[in-house]
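Here's the structure we're looking at; comments come further down.
Both backbone and side-chain heavy atoms feed into the values below; hydrogens, waters and symmetry mates do not. What you see is a predicted model; the values in this text were computed from it and never measured. Counting from 1, the numbers follow the sequence of the chain as shown.
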Amino acid sequence: MPFLFSYGTLRYPQVQRATFGRELEGRPDALPGFARTMVAITDPEVIAKSGEASHPIVRHTGRPADEIDGVVFEITDDELAAADRYEVADYKRVAVRLRSGVEAFVYVDAAG
C-alpha cells in the first residue's frame, strides 16, 4: 500500500471523507528540501470540499534548511487515484523520501 504525505488540505477530515469516504490515520513527518507557498484554486468542487480558495503548494529547492511539516498516511491504490482526481492541474504527484526515511508520494507544484 502506498504512503501519501500531505502538508495541506488532504489533512482535513472533511476533505478525507469527501475524497476517500473515510478519515485517514497518519503520523507527523516532514519533507526536506522543499519550500511552501500558496496557489489560487478555481475548481468549485475542490473549494467546496476544502472550504478554501487558496491552498498550499510546495516546490523543490534542494536546500537542506527548507523543510515542510505534514502528515504521512498509508492509503490504498484506489485512494491514491482518488487523491489524483482531487488535486487540480497546478499539482503533480512525485515520489519523495521523507525525513523519517519513508518513501511517499506528495503533490508538488507542476510548474516547478
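A salt bridge (Lys or Arg N to Asp or Glu O under 4.0 Å) check over residues 32-48, counting only residues at least two apart or in different chains, returns the pairs Glu45-Lys49. Applying the salt bridge (Lys or Arg N to Asp or Glu O under 4.0 Å) definition to pairs two or more places apart or across chains, those involving residues 103-112 are Arg59-Asp109, Arg97-Glu103.
The line from OH of Tyr12 to CD of Gln14 is 7.5 Å long, rounded to the nearest 0.5 Å. A distance of 8.0 Å separates CZ of Arg11 from CZ of Phe73, quoted to the nearest 0.5 Å. Note that CD1 of Ile75 is 8.5 Å distant from CZ of Phe105, once rounded to the nearest 0.5 Å. To the nearest 0.5 Å, the span separating OH on Tyr7 from CG on Asp69 amounts to 13.5 Å. Between the CD1 atom of Ile41 and the CD1 atom of Ile47 there is a distance of 7.0 Å, given to the nearest 0.5 Å. Taking CZ from Phe5 and CD1 from Ile68, the interatomic distance works out to 7.5 Å, rounded to the nearest 0.5 Å.
Between Met38 and His55, the closest side-chain pair of non-hydrogen atoms is not below 4.5 Å. Side chains of Pro2 and Asp77 form a contact here, defined as non-hydrogen atoms less than 4.5 Å apart. By the 4.5 Å heavy-atom criterion applied to side chains, Val15 and Ser50 are counted as neighbours. When side chains are defined from C-beta on, Thr76 does not count as touching Phe20, because their heavy atoms never get closer than 4.5 Å. A heavy-atom distance below 4.5 Å is not found between the side chains of Met1 and Glu79. No side-chain heavy atom of Val108 sits less than 4.5 Å from a side-chain heavy atom of Ile57.
At least one donor-acceptor pair closer than 3.5 Å links the side chain of Tyr107 to the backbone N or O of Asp84. In this structure, Ser100 contributes its side chain and Asp29 its backbone to no donor-acceptor pair below 3.5 Å. For the pair Gln16 (side chain) and Leu24 (backbone), a donor-acceptor distance under 3.5 Å is present.
Shortest non-hydrogen contact noted between Pro32 and Ala30 is CD-O, 3.4 Å. When all heavy atoms are compared, the tightest approach of Leu4 to Ala104 is N-CB, 4.3 Å. Annotation for Gly8 and Pro56: closest pair CA-CG, 3.7 Å, computed over non-hydrogen atoms. Of all heavy-atom pairs between Ala89 and Ala110, the closest is O-CB, 3.6 Å.
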Applying salt bridge (Lys or Arg N to Asp or Glu O under 4.0 Å) to Glu87 and Lys92, what does each step give before you reach the verdict? CA-CA 8 Å; Glu87 296 295 353; Lys92 68 179 177 183; over 6 Å; no
Just do the side chain to side chain donor-acceptor pair (under 3.5 Å) check on Tyr86 and Thr9 with the steps written out, would you? CA-CA 10 Å; Tyr86 170 76; Thr9 61; 2.7 Å; yes
Using the rule given for side-chain contact (heavy atoms from CB on, under 4.5 Å), can you reason through Leu98 versus Phe3, listing the C-alpha separation, both sets of side-chain angles and the distance that settles it, and then say yes or no? CA-CA 10 Å; Leu98 302 175; Phe3 287 97; over 6 Å; no
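Listed by chain and number, the residues in a salt bridge (Lys or Arg N to Asp or Glu O under 4.0 Å) with Asp66 are Arg63 (sequence neighbours excluded).
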